[in-house]
Amino acid sequence: MSSLLFLLDRPPLVSRSAGKKPTKSFRQRLLRRSCRNKERKGCSSGGILCLFQSPRRRSSDAFSFTSGDPAVQKGWSSEISAFYDWLKENGVYLSEKASWTHAPHRLVIAEETKDEGEYSGRGLLSSRSVNLGEKVLEIPEKLMFTRKLALETFPTSIIASIEDEYVSIGLLLLYEKAKGFDSFFKPYLDILPTLDELNPLFLWSNKDLDLLQGSPTLSACEQLRDKLLREYTYLGKNIIPQIPNFASKPIDFKQFQWAFGILFSRAICFPSSKRIALVPYADLLNHSPFCSAFIDEEKIPFGNGVTEAVVYVDRLYEPYEQVYVSYGPRSNQELLLLYGFSLERNPFDCVEITIGLDKTDPLYLEKCRMLESYGKSPLQSFPLYMDRYPVEMAEFLRFCCIDTETDLQADFGTIVSASNEESALDKLLNYIVDQLRKYPTSLEDDEKIIRDRAMFQTLEKNQRMAIRQRLGEKRILHATWRNLQNSSHL
Ligand SMILES: C[S@@+](CC[C@H](N)C(=O)[O-])C[C@H]1O[C@@H](n2cnc3c(N)ncnc32)[C@H](O)[C@@H]1O
């Protein structure tokens, strides 16, 4: 059975905002700002080719702005224009004027954004002040890719055998893409990034991946690659051929990677219903780990149970600020693996470590039996954060290090003796030292590379991200080691 289970517990991508009509003065201000900020690489073909700085973000964060103003729309890329019209035709309220049923729309598409000095693709900005708690986006269900739509589209006997929501939505994406002009979703599909534009770790070249030697991120990437290949083989052999009119030619692995790259980086798990969906327009919102807004679904009042995707902002936004959502409490490894970026400032960054029972331990079998009775595995993974680790990890380490039958009778994870505590501590310290030895470069080497900003900027984006990633991991490992070294207990 197809399964990408580890992806299913992803917290939602966060709130998104939508293209919007700026007032004249707004556009004038943008244009004025653009004259002062010339750092960006070539603007995309459409939009007011402006770059301006957000009043609240670091000065390196910049945008090129695409306005919803009809006069400006003439300058849009044809894809964005068609997408915008498609949204409006299908009930997305994008007017900046209030109606009987809708508040003015407050968002506007930025064709290019930057975060922490790195290009972050398109994004959504506030076109004017947005108040805390304000609803900024409503997208009708009929525009979304969901498992429900897959069930309506494909023969029940086939789709019912696919339990994984991701896989059913992935198939739907491939199916609609193959329909070309006949697809209702064409205007949306046309603005999605191509395979080359998507940059998740699993699509990186081996040369770039080499920079992650010694990092646990590398093995996570290999696992995901294997998983995708297995899914592709399974679906290509057993499922796709059974779906009538799926595509005129067999789906190749690159198309499959594209569909799953899109899903990994753009699909949302609605917190209220736990349904997964690809939500056009909302998926233009970029991620901030400091944001608590998210994309959720709500029943439309008097709508016979029909839902829509909504975003309520978590703070006040001044005009021209980029509106963010949170994709969930993601580590840099997850961000890199699924979304193709990592952040220098990420409070959720962690290094996952895997600890197991020692097979040469005379109590090994007894411990395995006990763990089984507690519903626990003999091999467990835990996140190490910069300043903390889970109490469950300390408990498991203590259990692993017990060396007498008597101590084994104690409650799981409790401190049984000073010597057991010392062994558990040693086990963790040794693990950290072993992990750090796996990297060909030291923490100091990487810090030196990054400190030389001018040189660092000459590296390619993936190289910069790889170095940041391994440095972040080393910092966490070093910090944990330092914190524990002088401690007498976990
Ligand atoms: C849901 S999409 C957001 C819209 C996207 N920027 C676009 O151009 O369509 C997620 C993708 O946006 C980019 N992204 C989102 N937040 C980012 C951030 N804080 N820094 C860098 N890239 C980001 C990544 O490429 C990610 O895979």
Side-chain angles (χ1 to χ4, degrees), residues 7 10-19 40-41 43-44 46-47 54 57-58 60-66 77 79-80 83-84 107-125 137 139 144-145 173 188-204 257-258 260-269 276-291 293-295 309 311 321-332 334-349 461-462 464-465 468-469:
L7 294 165
R10 300 188 326 143
L13 286 182
V14 196
S15 65
R16 316 60 241 242
S17 51
R40 52 186 294 252
K41 51 186 197 172
C43 292
S44 57
S54 155
R57 307 270 308 170
R58 293 170 302 290
S60 58
D61 295 350
F63 312 104
S64 69
F65 173 74
T66 296
S77 64
E79 289 82 12
I80 285 285
F83 174 60
Y84 195 82
L107 302 174
V108 56
I109 299 172
E111 296 244 32
E112 282 190 12
T113 59
K114 278 188 164 187
D115 199 3
E116 294 187 341
E118 294 286 0
Y119 175 67
S120 46
R122 291 182 182 132
L124 295 175
L125 315 184
L137 188 139
I139 304 292
M144 304 178 203
F145 282 76
L173 196 54
Y188 171 57
L189 297 172
D190 284 349
I191 66 143
L192 289 176
T194 60
L195 187 62
D196 287 342
E197 288 162 348
L198 284 174
N199 192 35
L201 199 65
F202 69 88
L203 292 176
W204 281 21
Q257 285 177 315
W258 171 80
F260 280 82
I262 291 289
L263 278 186
F264 294 162
S265 61
R266 309 181 86 88
I268 294 152
C269 177
I276 292 167
L278 204 51
V279 187
Y281 195 45
D283 65 356
L284 288 174
L285 286 164
N286 287 328
H287 167 72
S288 165
F290 302 101
C291 176
F294 50 85
I295 302 159
V311 174
E321 277 193 279
Q322 181 168 191
V323 176
Y324 287 95
V325 286
S326 159
Y327 297 175
R330 305 234 166 255
S331 67
N332 276 346
E334 287 175 290
L335 289 175
L336 206 50
L337 204 55
L338 303 174
Y339 299 87
F341 71 96
S342 64
L343 297 168
E344 250 172 52
R345 298 178 313 140
N346 182 358
F348 303 108
D349 199 17
K461 184 177 177 186
N462 287 358
R464 291 197 296 273
M465 284 197 290
R468 274 200 211 104
Q469 176 61 26

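Quick note: residue numbers are just sequence positions, from 1. All ligand and atom numbering here is 1-based and tracks the order in the structure. Remember, it's a predicted structure, so these values are computed and weren't measured experimentally. These numbers come from the heavy atoms of this one structure, side chains and all, not from hydrogens, waters or symmetry mates.
With ligand atoms numbered from 1 in the order given, ligand 1 contributes 1 (C), 2 (S), 3 (C), 4 (C) to contacts under 4.0 Å with heavy atoms of D283. Ligand 1 places these atoms under 4.0 Å from at least one heavy atom of G121: 6 (N), 8 (O). Taking every heavy atom of S265 and a limit of under 4.0 angstrom, the matching atoms of ligand 1 come to 1 (C), 2 (S), 10 (C), 27 (O).
When I268, I262, L263 are each tested for a side-chain contact (heavy atoms from CB on, under 4.5 Å) with R266, only one passes: I262.
Contact between R266 and ligand 1 is present, with at least one heavy atom of the residue lying under 4.0 Å from the ligand. Using a non-hydrogen distance threshold of 4.0 Å, Y327 registers as a contact of ligand 1.
The salt bridge (Lys or Arg N to Asp or Glu O under 4.0 Å) search around E197 returns none, not counting sequence neighbours. Partners of R464 under the salt bridge (Lys or Arg N to Asp or Glu O under 4.0 Å) rule, at least two apart in sequence or in another chain, are E118.
No donor-acceptor pair closer than 3.5 Å links the side chain of N332 to the backbone N or O of S342.
Taking the six-membered ring wherever Trp is involved, the centroid distance between the rings of F264 and F202 falls below 6.0 Å.
At a heavy-atom distance under 4.0 Å, atoms from both the backbone and the side chain of N286 approach ligand 1. Of the heavy atoms in F341, only side-chain atoms (C-beta onward) come closer than 4.0 Å to ligand 1.
Ring orientation note: the planes of F341 and Y327 are nearly perpendicular, at an angle over 60° on the 30°/60° scale.
For the residues Q322, H287, R122, the heavy atom positioned nearest atom 6 (N) of ligand 1 is part of R122.
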